[in-house]
Every structure is written in structure tokens, then in C-alpha cells.
Amino acid sequence: MEQMITVTIDGVQVEVPAGSTVLEAARKANVNIPTLCFLKDINQTGNCRLCVVDCGGRALQAACVLPCTPGMVVKTNTPAVREARKMNLELILSNHDKKCLSCVRSQNCELQALCKELGVEDGDRFAGAQSTYAIDDTSVSIVRDNNKCVLCRRCVGACANVQKIGVIGPVMRGFKTAIESPFEKKLAQMACINCGQCITACPVGALTEKDNTKEVWAAINDTTKHVVVQPAPAVRAALGEEFGMPIGTSVTGKMAAALRRLGFDKVFDTDFAADLTIMEEANELIDRVTNGGVLPMITSCSPGWIKFCEHYYPEFLPNLSSCKSPHEMAGAMIKTYYAQKAGIDPKDIVVVSVMPCTAKKFEAKRPELSNNGLFDVDHVITTRELAKMIKEAGINFTALEDEDFDSLMGASTGAAVIFGTTGGVMEAALRTAYEVITGETLENVNFTAVRGMEGIKEASVKVGDLDVNVAVASSTGKAAELLDMIKNGEKNYTFIEIMGCPGGCVNGGGQPIVSAQIRNWEDIRTKRAQALYSEDEAKTLRKSHENPEIKQIYDEFLGKPNSHKAHELLHTTYEQRDLYL
Amino acid sequence: MSNNTEKFEQLAKVIEEHKDQKGGLMPVLQEAQAIFGCVPLDVQEIIAEGLNVTLSEVYGVATFYSQFSLEPKGEYVCGVCLGTACYVKGSQKVLDKLASELNIEVGRTTPDGKFTIQATRCLGACGLAPVMMINDEVYGRLTPEEIPGILAKYQG
């Protein structure tokens, strides 16, 4: 039994488990203490001082890091507390570039919200010296604007502690303190994997994705171009949030309708390509197992994970599946198979991917992901950028009637839609591998052992006479843990799924940014994942190889999985990358 | 070069001693600074790898504490005291003059490697405020106007 202790918050007695913070106890007493730097599981450093409370001692204390003690009496609403919080906030504002009107985070900015909540009347109360920094837009995925940085260190927590990368950190001291890469290097010069977890951790507009909506609008408006769009599985589980819909609402049909209204010429689905990926990957796995290939085989759908592997664990490059990620496969098929069928010159086709991911922007620019001098994918926009375009176009998203994707590359199975969450690629691959290996019908398609939000999951799956040991890791920090165990010989697997972001793509760096005020108390990853599992459940076809359009593409174009043509168009190679560039 | 190899061997020994110690970064940086006279990029990279911490963390600590220097110190280290007594006696103006005369920022070294400017804490010579030291030489009751003349002695 968990030991409970009683504390008094503003005269209300509450019972909390020993070890709870005052912030958590206050929540139980229906008191919302303001926070800025605190982000659950990511940053608990008590440095912004906005959560100060009066515990009867000499000084006010930071509630986010203060453990409850039995009988503790806490006041959160005294004049001294209110004044201290407000002044601390005003001091933060004194060195913040307050360009709210044109800030991408306007109305979704925690600093802005706090100003309103705490009743700041003059944003320039402590006007004085202001730091100026050059904006770092060297990365193709992430833009850093330190002029807006409030030094909360949430990005540092995400990068160094969660992802175990640490390409940014606090440098210098006092007024000169900044979040920077070492030796004044730019992000593009660092072994950054472009996952964007720093962006979704940032409470303000100091970290954003590289905006590619202008290029997409230009392509749409260019009458000589045939613009084809494809949204990733996880996008549909989160896009609705940008339009005020509850977290975990699936908006697949509305999304297809909105994409059509934006003016895209064809609305295909990356889910189709996820099914295609499974055909290639499951057969690659079977080939590796039966012909003595390199095992364990590790999935290659997550470009953040791929770049992490190239920089930090190059010894595992031979373990990576040679499959391109689904949207790259889709791009390659759009510019060959679809182009041929539709009679369009591939040079006139522009492929736009809508991704929950900022690392996909970097991936799309990899020279090896091209064919005949044409990139498989031309532009990548995030879920957030798509929402921005929909708003710019004045589309009343929530009122849209559901529409379907265009046929040829629009059909998908339940196996594809769960690609968007940790464990989903594994489950999808197992559904197909099982039937291909055993030749029997898989009755229960739900591999629940690989579901859930734990960082590392393991399972032993019976496939015919074979016991297949599999593992699933999400976040590169957890991936590193898993790979270290394999290196030490502690663990042995046949097949591993790794996704670069904690919880998988549903929690990707390109997804709608959820305020810490919600994220600290609600499990947004599980809610978004549930939307995908529900879609899977609702589908008649739940195994990739049952997708009729997949059967068609192999019949008419690719031949067999892992055929020569499939290898040429759907598979790729990796390269070792240095730690310091 | 052989000299440098020796230094890096010394560094490797220091890292080995501290690598399993919690908070080992600080003593390693201090000893590295003693070995090399500064902690430049290549030294920090070796420390990061040896202690299994990120370069960001090493650099963060190295830039937080003023005792660490990222570049070699000059032949003459000019330390101007910004302790309370010297400060109220106008040492900031002396420091500013020094920076403008040598055309470098405080904390940096001239491109010819001759001078480094530092702002220091109390040098314990408050009776002579404002005070500056150039290596072991003490200059007291300074005015900014005296700076060019003093520097000229070392520039020859």
C-alpha cells in the first residue's frame, strides 16, 4: 500500500501519496498553481519561480519541486505570493522578444496565457537591456530564435534527458545565459536528429519547425504542376486539436476533405504506403531469418531514429531494414506507378507529405531518396503547418463532411493506421509475417503485448513452430538503452521496432503543441494512440497484404515484394555520420 | 608535438581517475585547464567522450565558471579588480579603457597572443584601489589615462 500523507492547501485538507509535490497536492485541492518551466517527465528544475507558494518559512518555495511533508500547511493565494509570481513573470518578460502578433505560437503560448492569468498590466514594467541573438535557421527541420527564449530548459530536458542527445544546453551565466550548442555551433553542425521534441516542449515561440507552407502554396498555385498530397497515419489522430476538438478525436474524413479543398490535385494516403512498407519489411524479415541475414532486424520508418543510429550507434546500421519510410515509398510510387497510369511526366508532379514529424523534412532532402534526379518527396509539412494552411484558406474544418482518399493509393488496412503509435509497425508486421510464414489465417490480430506507452516493450510471439522474440522502443533515449543491452549480450531479439519520439508518431515533433497545463496531467499520447486503435478496430481489412490496392500495385507494377524493381524504388541505404560536424 | 601527446596522455589519466565519480566533470576540467592552460574544443570533446557526458554539458560548465578559458591565455594576463572598493573607485572605466586600447572584449586574448583581459574579484589590495595586475606586477590608484603608458612597457 502506498503511504498517504495529509497536507493543507489554502485551508483544504488533502491526502496525497508520500513523495507528491506541493504542485500535485494543490491540484487535488482544486488549486491550479501556475507553472512555466515544469514539464512532467521532461523538466523539473524549479527555475522559473512562477509556482512559488508560502509554506510558512522565511522564503517562498517552488511548488513543482517541493515534496509534501506530513501536516504541511501551504498558502498559494496570499498577496505576497501573487505579487512574487507576477514580478517573476514580468522579469522574464523584460528579456523576451514580444512580437506576439506575428508569432507562430500566438494564442498557444504559455507565456502569453500566464500574463493573462496572473494579471500582468504592463509587459514592459522592467524594460531594460535586451539580449539579441541571430536566428538559427541552418537546420532544414528546426528553427531556433533565442530572442524569444525564456530559459525554462524544457527543450534541454527533452533533448538531453529524454532523447539522450543533448545538442543544446545552457551556456554562459547570468544575463548572458542562453540555450545554445557548444562553441557557438549552429544546429545543422550538430548531431541533431531533427525529432522536434524540443519544439513540442517549448512553451513559447523560441523553437519552431522550418515553415514550408509557402513552397506548398506556390506548388498548388502553379497550374503546370500536378500536386499530390499524402498524410501520415498519426496526423489524423491529432489534427482536430488545432480546431478545438478533444484530444484523441480521429478526423480522417475531414482531413481528406480539407486537403481537397486546399487545392491538391490528388489526395492519397500514406497509410497505403504503410501497407506497402509492411509487404516489403515483413518479407525482408522472413528473408533475413531463413537465409541467415543480419538480425535483429530493426525498423526504419522513423527518420529521427535513423539519424540517431547513423550518428550514435553506427554499428547497428546493418541491422536496419533497407525499407524506405512509408511516405518516401509513396513518393517513389507516385512519381513512377501513378505517373505512368495517369500519363503525367514525373517532372511535373510535386509530392507533398503531411507528417507528425520534423525529421521527415530532413529525410526528404536525403540525396539517396530520389529516382532519376527527382526527390521522392518534394515538400514536407507538419500537422501544425497543415492546420495553418487550412486556417489561412478559411476552411471551416469542424463542419466538413467526411470524404474518402483518391483511389489507386488511397486504400489502407487497420495495420497501416496503427503505424502512428509505438508498437504499431511491429504489430502490423507480425500480422502479415505470421500469415506469410505459416500459410494460416491469423485469427486474433491484436498483439496487445506490444501496445502501450512504456518506453521498452518485449514479447515472444509464436509464429507456427517459431518463437519470435521482439522488442519495441520509443524515444531515442530508450532505444539507446535497448541497444546497449543487445551490445552487452543481455538481450537477444529477432525483430525490433524503434520510433524516435516517446510514444511514437502520435507524439511526434510536428504534432499540435499541447500546453503543459494539460500535458502535465493528461496522457495525450495514449488518447491519440487510442484514436488509431479504434480506426484499426473499425476496419474490415486489418492485414496489409489484404489491401486490394496493394495487390494491384504488385500485380501491375512491382511484381513481388523485394523484387528487383521494389528494391530499386522502395529500399535505401544508410551512412555513418560523425558526432561532431 | 611530442609535448602535446604527453599532455593528452596526462588528460587521459585524469579522466580515468574521475570517470566513475559523480560530479567528476568539474575536477577534470580544472586539471585539463592546468595541463593545457585552457580547455579548447578538442580537449572538451575528449572529456565528453571519456566521462560519457554530452559536449553541451562540458561546454555549459566551462562557460559558466569564469576560471575556465576556451582559448590560450596571452603572454601577459591583465586582471582588473572589480571588487567593491575598486569598483567604487572607478575600476570599470579602467577595464573599459584596457578593452578599447587592446581592441578585444573582456575575457579574450589579443590575436597576437600577447594580452588577455580579465575582470577579477578582490585582489586584496583595496588600499590601492582601483587595482590592476599584469602577471605578478601590481598597479594601484589607476586612472584610465595611465593605461596606454603601462601597456607600452609590455608591447616593446
Side-chain angles (χ1 to χ4, degrees), chain A residues 43 45 47 131 133 136 144 146 149 151 153-187 189-193 197-198 308 311-314 476-477 480-481 483-484 487-488 577-581, chain B residues 8 11 15 19-20 22-26 28-30 32-33 36 38-72 82-83 87 92 95-96 99 104-109 111 117-121:
Chain A
N43 195 49
T45 49
N47 64 48
S131 313
Y133 298 94
D136 180 2
R144 297 185 59 239
N146 267 354
C149 176
L151 299 173
R153 290 156 173 79
R154 279 158 52 163
C155 57
V156 179
C159 188
N161 304 337
V162 178
Q163 299 294 61
K164 297 269 188 273
I165 290 167
V167 291
I168 47 171
V171 304
M172 308 299 281
R173 70 193 287 177
F175 190 68
K176 285 186 178 163
T177 307
I179 307 301
E180 292 277 13
S181 297
F183 290 90
E184 293 162 17
K185 285 177 187 282
K186 301 290 177 200
L187 209 50
Q189 297 170 290
M190 297 298 296
C192 168
I193 63 164
Q197 286 298 306
C198 55
F308 181 79
H311 282 295
Y312 299 90
Y313 285 86
T476 50
E481 246 177 68
L483 296 180
D484 286 341
K487 274 201 325 201
N488 299 339
R577 289 172 195 265
D578 289 337
L579 220 42
Y580 308 119
L581 311 175
Chain B
F8 280 109
L11 177 63
I15 290 171
K19 81 175 175 16
D20 298 318
K22 195 168 156 48
L25 178 56
M26 204 53 197
V28 170
L29 272 171
Q30 282 166 332
Q33 169 109 348
F36 294 92
C38 60
V39 282
L41 175 62
D42 54 347
V43 171
Q44 289 195 28
E45 281 182 7
I46 291 168
I47 294 173
E49 201 174 314
L51 296 179
N52 197 21
V53 297
T54 61
L55 183 63
S56 289
E57 197 173 332
V58 179
Y59 184 78
V61 173
T63 54
F64 184 88
Y65 294 103
S66 56
Q67 60 172 297
F68 298 117
S69 171
L70 303 183
E71 53 190 5
L82 289 187
Y87 189 80
Q92 184 67 50
L95 184 62
D96 292 345
I104 50 170
E105 279 174 52
V106 177
R108 305 307 288 260
T109 301
I117 308 178
Q118 287 183 333
T120 75
R121 301 283 161 199

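Order of the sequence lines sets the chain letters (A, B, ...), proteins ahead of strands, with each chain counted from 1. Only a predicted model underlies this, so the values are computations on that prediction, with no experimental measurement involved.
Heavy-atom minimum distance, A:Ala191 versus A:Ile165: O-CG2, 3.9 Å. Closest approach of A:Arg173 and B:Ser66 over heavy atoms only: NH1-N, 4.2 Å. Scanning both residues, A:Asn146 and A:Glu180, for their nearest heavy atoms gives ND2-OE2, 3.4 Å. Taking every heavy atom of both residues into account, A:Ile193 and A:Gln163 meet most closely at CD1-NE2, 4.5 Å. Closest of all the heavy-atom pairs between B:Thr109 and B:Pro72 is OG1-O, 3.3 Å.
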Does B:Tyr65 form a side-chain contact (heavy atoms from CB on, under 4.5 Å) with B:Leu29? I'd like the steps, not just the answer. CA-CA 11 Å; B:Tyr65 294 103; B:Leu29 272 171; over 6 Å; no
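The contact between A:Ile168 and chain B is made entirely by backbone atoms, counting heavy-atom distances below 4.5 Å.
Note that OG1 of A:Thr476 is 9.0 Å distant from NZ of A:Lys164, once rounded to the nearest 0.5 Å.
Annotation: residues 55-63 of chain B contacts chain A through B:Leu55, B:Ser56, B:Tyr59, B:Gly60, B:Thr63 [non-hydrogen atoms, separation under 4.5 Å].
Options A:Ser181, A:Gly174, A:Gly166 differ in how many heavy-atom pairs under 4.5 Å they form with chain B, and the most are formed by A:Gly166.
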